Structures are given as structure tokens and as C-alpha cells.
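What you are looking at is a predicted structure, and each value in this text was computed from that prediction instead of being measured. Numbered from 1 within each chain, the chains take letters A, B, ... in sequence-line order.
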There are 2 protein chains.
Amino acid sequence: MKDVAHRAGVGLKTVSRVVNGEPGVLPDTEQRVREAITALGFRRNDSARTLRKGRTATVGLVLEDLADPFYGPLSRAVEEAARGHGALLLAGSSDEDPVREQELTLALCARRVDGLVIVPASDDHRYLEPEIAAGVATVFVDRPAGLLDADTVLTDNLAGAKEATAHLIAHGHRRIGFVGDQPQIHTTTERLRGYREAMAAADLPVRAEWTALGTTDPGRVEHALRAMLAGPDPVTALFTGNNRVTATAARLLAGHPRPTALVGFDDLELGELLDPPLTVVAQDAALLGRTAAELLFNRLAGGAAAPRRVVLPAGLIPRGSGELPPHS
Amino acid sequence: MKDVAHRAGVGLKTVSRVVNGEPGVLPDTEQRVREAITALGFRRNDSARTLRKGRTATVGLVLEDLADPFYGPLSRAVEEAARGHGALLLAGSSDEDPVREQELTLALCARRVDGLVIVPASDDHRYLEPEIAAGVATVFVDRPAGLLDADTVLTDNLAGAKEATAHLIAHGHRRIGFVGDQPQIHTTTERLRGYREAMAAADLPVRAEWTALGTTDPGRVEHALRAMLAGPDPVTALFTGNNRVTATAARLLAGHPRPTALVGFDDLELGELLDPPLTVVAQDAALLGRTAAELLFNRLAGGAAAPRRVVLPAGLIPRGSGELPPHS
DNA sequence: CTGAAAGCGCTTACAG
DNA sequence: CTGAAAGCGCTTACAG
């Protein structure tokens, strides 16, 4: 910029005015500045600008895994909102590791992002207190913050899980298995709770061997499923706790001799083309992201003193796999 | 930092030394500085740091759509590489719009990203010449740069498309349709070329109505497919040009009276569970991303004068849909 | 309409 | 072992 000013024979501030389209520059002067800019290939350094301005026009997004298709629409929704506000998106994966979540989040804070959308992996977010106090607008999505009061956007996992389980019960099942993600994840425990409550509401017992929580590693899931499907008294229906578990269950059931009912939490692409077509409880990942971004920019605009909590619905989509009757 | 220095009764540089773990600070002094840091809740501003250092430890990623599952593993691979080099990822979608690609890319450059991984939507990247000259390491992935010589990582779309088409021909098909993405996209034309070459190699004609290019909008794709499947001389097999087109084709064929063979470019989750299981030519999106990131950091490390071009293989995975015989 | 000075929060290059 | 001065590339607050 100094070079441009020198070449155009003007002051630094005049170049700044031209670059930012500020008024009060004679057409003639502006012309000279523009020529110098082109000749020197000048491009404003937005990092420097940002340092002086206070805001970085950057939003940080921390989620479990950028490669997981569930988070694609969520990321895109946050990106669109950011774009609408002239901001860019700094994104990263926590890999469901609390340490990694914190490192990543604090690295984003060190870059002085204006706001943060977090799918938490940890259960203690007090490390963010100074950041939030310093003005970083923070929204938790998909799962609540731990030991921290902050804006949150959730899906009604409890109701969704109840609906899924009640649906299986309504189709005559009494021995229903639940295979979920790791137990420290909020959505896992909520969905497990929904399953239990629906079973209890129908006066059905839940045997210990009918619930299995753990990583979504296909090997682990397959092992858990096989255990439930074996023995003298196998489950006749399965409720799977998220998209990855459901995919593994669908694969296994496709090769299983006994028709077993299946309802999954989260929809899967092509799910309607499976045999039988996949019944799911679906949530709207894009809406989750859009809502989170709205709360974020709302807060950045100076709104909402008290943290807000938004709960979005999940809805059953019956397609066939969840309507199979119990095998005799 | 000034406040910390003041409170600890030391100079600015000493705080800097402590914060960066540089040697040459007495334990006693360090202790005082650390106390001041904690008391004031000081956190280094990495934006200021990068302004002075020259490098921002940030990599920009421009792709078609953050929500498209195809790009998930690619993004994640770039993220992992960036992380390995202490860099963060600034990501955004071009939406297959050349103007948006350029705006986004230049916005990333204005933030002074150290490097750029681009899935191009435009066919003229000369706008990047000054940026590259200024030292922004730039790698194009999935599609080549337009009018610019730069590091590039591609899949062998031509060979993959030939293999897919030859596979259908080997199973007795003579009337094969190709439905692809928009014609300005490099991968579309390469795959179309592979289709044509395989047909020509088998001395089969290609009628104009057997090829249809356009957006991946399900309505458009369905319309094109229906046209090919109708009439007195319908195609007996389909080769679909990417994941989205394949998904629409699988949906349509599932409800179609005549069994029609299908080979898709790109694999789909659950594809093996369809009826018939989906035959595809698969590419490794994660490897695409990993390789691109390698070239990027290689260049940042001062390597490779001449731009490099890496071509990765695509391989046929026969599962059933591509082995259906022609209907009589 | 225009520009010189100060400052955003750090690091670099020196000097002691 | 420690720190004062200058500078990274901009914008802010003034003054003319």
C-alpha cells in the first residue's frame, strides 16, 4: 500500500479510501491510485485490516468429522450464513476427542474468530469462559455445552427415539435391541433414554444384553448386533442410534437369515432403495446448522443477553424395514 | 501483551519469549510472567503474530459444495495434512459458479492463506497468476486449472469411463446411454470421451439421444433418463457420470418395469445393498485430497520448481447392476 | 479533498 | 538473561 501511495504520489490514507470505496476522492486522484494498484498488482491484506478493525469476519466450525456425510449439510448451512455476513469459515474435526476439540477450538480463538459453532466432543467447556467473556459468540449444536451456559441448538432426540421405539412396539415387537454410539455423547444417552422410556411405557422389560453402546467402528457394531441376534431369545427388532450404526446394521441384516425389523436414527442416502426400504427417524442437519448460525450472528449483532436453547423436531419416516412383523 | 509485561515488570520481548517457549529466560522471571498471563487471562493473538511472521498457517479449500458427500473425505484429508503442519483450514463452496469460485478464492488470498487447494468451477484461472507469483502454493484437484500451469491431482476419468462402458459392452449391451453432469466440467467431458471411445472400440454407434449432459438436479436427470428408456429402441444399459446422477438413476430404475443395467461413476454409501447391488467405477476421494495436500506442502517447503501433475486410478467394482444382461 | 501520526498486537534485529 | 526500537500492512482520529 505504501508502494502504491508512493507511485501514485498520494498519501497512504488516500489509497485506503480508494481501496475501500470511501467517498471524498477526486476522480482524477482515484484514477492515478487505480493505475498504481494495477501496475503493482496490489491486493489489500485483509489480515492486517482485520487486526486493526477488531473483527476478523471469520467463523470457526468444530465438528466431529468433516468426512461424515451427516455434517455436510450442517457445514454448508453455516457457510452460507457466514457468507451472507461477509465472513469466511474456518473448519475442523475433533474426532470425538475432547483434547482435540479443545486444542482446535482454542486455536480458532487465538485466530480471533468472531464466532464459534461447536458440535462438542467434551463434557466440560469452562475453558471457553474467558473467550466468551472476551466477546466470541459461541453456539453449541447437536449436543449441549458442558458446565457452561451458552446458545444451543438441539434435535429432540428423546422424542425421536421414543417414536422409533414405540413404532416397533406398535408393530408387535417385544424384544427390541438398541445399538448406539459412545455413551459419553449426549445424543447417545438421549436416544437410549427414549428407547427405555418407550419400552417402559409399554410395560416391556429391557434386558441388559439388548443395549450396546460404543464406537461406530463397523467391527464393534457388527459384534454387538450378532450377539443380540443370536441365542435362544434373539431380538426381533433393532433401533440403531445413528447413521453409521444404521449402515452397518443394514449390511448385516441384508445377509441375515431371519427378517429383523430396523429403525435407524438419521436418514441415509438411498435408504429408500434398500430391501426392505429403510425406516428412519430423520433430523434436518441443514436446519440445525442454519439455526445455529442465526443465533451466532444474532448475538454478534448485539442481541440476546440470556443464552437461548432451540430444540428442533425429528420425525419418523416409515418405509418398510420398521414395519416388518416379529419373526415367530 | 503490553499489560502482561507491565504487570510482570518485564519488557515486551520477555513475554514473547515465555509465550513462545523460547530459551533464555530465568525461571524466576518466567514465573512472574506466567502469573501475569493467568491473572489477566492473556491469550496470544495469532492474527497479529502471522502478520509479522509472513505466514498465516492457513490453507484455503475451494470446492463445489461442502454438503456433497463426495467432498467430505477429500476435505478431511486436506484438513489432516494441514493439521500435521500446524495449519488451519479455511473452506468454502463455489456452487459450480465461476464467479463465486473467483470471489471466494480471492477472498482467501486476501487473507493471505499460505496455500490453496481448488476444485475448479471456472475454466480460466489466470486471475491467480499474481497470487501464485506472490508465493501462494496452489494445487488443483479433481479437475485441471484453466489457462494456467499449476500442480494438479486428477483421477483417470477417461480410463475409468472406458472401463465402465466396456464392461457393459462385454455383458452384451449395444445401446448404452450416458447421463452426465454439466458439459463445462472437465470430469464430465473426460467421462463422456471414455464412453465414446469404448463404444467406438467395439464398433458401436452412439446416437445423439443416448447422451445427456446437464445439471445434477434430480428433475433434469430423471427427464433425461426417461427419454432414453422410452421409445421403440430404448437403451438397455446406463452409464451415469457422477454420484448424484447415479443416485437418481438408481431411484428411477428401482421403479422401472424393464431391468436396465447400470454402472455409476463414484461409489455410493449402501450401493452394495441395492437390488441389484450397484456396480460402480470408484475413485478414492480421500487419496485425492491427501495427494493434493502433499503437493501443496511440498511446494511450501520450497520443493518442485515445475508444476506436477498426478493422475490416480479409478477402478471398477462389479456388484450386480452392471452385469445385468440386455433385456430382449 | 487529502495526508501525517498513532496504533492494532505481535516479532525481528539489535544492543547491552 | 533482558529490553527498546522498528516494522508487519492496514485503519482511526485528526488536522488542514
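- For the side chain to side chain contact (heavy atoms under 4.5 Å, CB included) test, no residue two or more places apart in sequence or in another chain qualifies with B:Thr189.
- Shown here are the ring-ring contact (aromatic ring centres under 6.0 Å, His included) partners of B:Phe42, two or more places apart in sequence or in another chain: there are none.
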Item to check | Watson-Crick and G-U pairing of DNA chain C, under 3.5 Å, as dot-bracket with | and [ ] | outcome: |||.||||||||.|||

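- Among residues at least two apart or in separate chains, there is no salt bridge (charged side-chain N to carboxylate O under 4.0 Å, His left out) pair with a member in residues 104-120 of chain A.
- With sequence neighbours excluded, the residues satisfying ring-ring contact (aromatic ring centres under 6.0 Å, His included) with B:Phe140 are B:His125.
- Qualifying side chain to side chain contact (heavy atoms under 4.5 Å, CB included) partners for A:Glu190, counting only residues two or more places apart in sequence or in other chains: A:Asn157, A:Leu158, A:His186, A:Arg193.
- A side-chain donor-acceptor contact under 3.5 Å links B:Glu79 to the backbone of A:Ser93.
- Mapping heavy-atom proximity under 4.0 Å, the span of DNA chain C touched by chain A runs 5' to 3' from C:dC1 to C:dG9.
- Nucleic acid contact for A:Arg44: sugar-phosphate only, since backbone atoms but no base atoms lie under 4.0 Å from a heavy atom of the residue.
- No side-chain heavy atom of A:Val33 sits under 4.5 Å from any side-chain heavy atom of A:Val25.
- Within the 4.0 angstrom heavy-atom criterion, base atoms lie near A:Lys13.
- For B:Thr216, the side chain to side chain contact (heavy atoms under 4.5 Å, CB included) test picks out B:Asp181, B:Asn242, B:Arg244, B:Val245, with sequence neighbours left out.
- Comparing A:Asn45 and A:Arg17 by the nucleotide of DNA chain D whose heavy atom lies nearest to each, the residue mapping closer to the 5' end is A:Asn45.
- In this structure B:Phe70 satisfies the ring-ring contact (aromatic ring centres under 6.0 Å, His included) test with no other residue, sequence neighbours excluded.
- The side chain to side chain contact (heavy atoms under 4.5 Å, CB included) test applied to A:Leu26 returns A:Thr29, not counting sequence neighbours.
- When heavy atoms are screened at a 4.0 angstrom cut-off, B:Asp46 is found touching no nucleic acid atom at all.
- Applying a 4.0 Å cut-off to non-hydrogen atoms, the residues of residues 21-41 of chain B that approach DNA chain D are B:Gly24, B:Val25, B:Leu26, B:Thr29, listed by residue number.
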All N/O donor-acceptor pairs, side-chain side in residues 3-19 of chain B, below 3.5 Å, sequence neighbours left out:
unit_1: B:Ser16; atom_1: OG; unit_2: B:Asn20; atom_2: ND2; d: 3.3

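- Backbone-only contact: B:Val10 has heavy atoms under 4.0 Å from sugar-phosphate atoms and none from a base.
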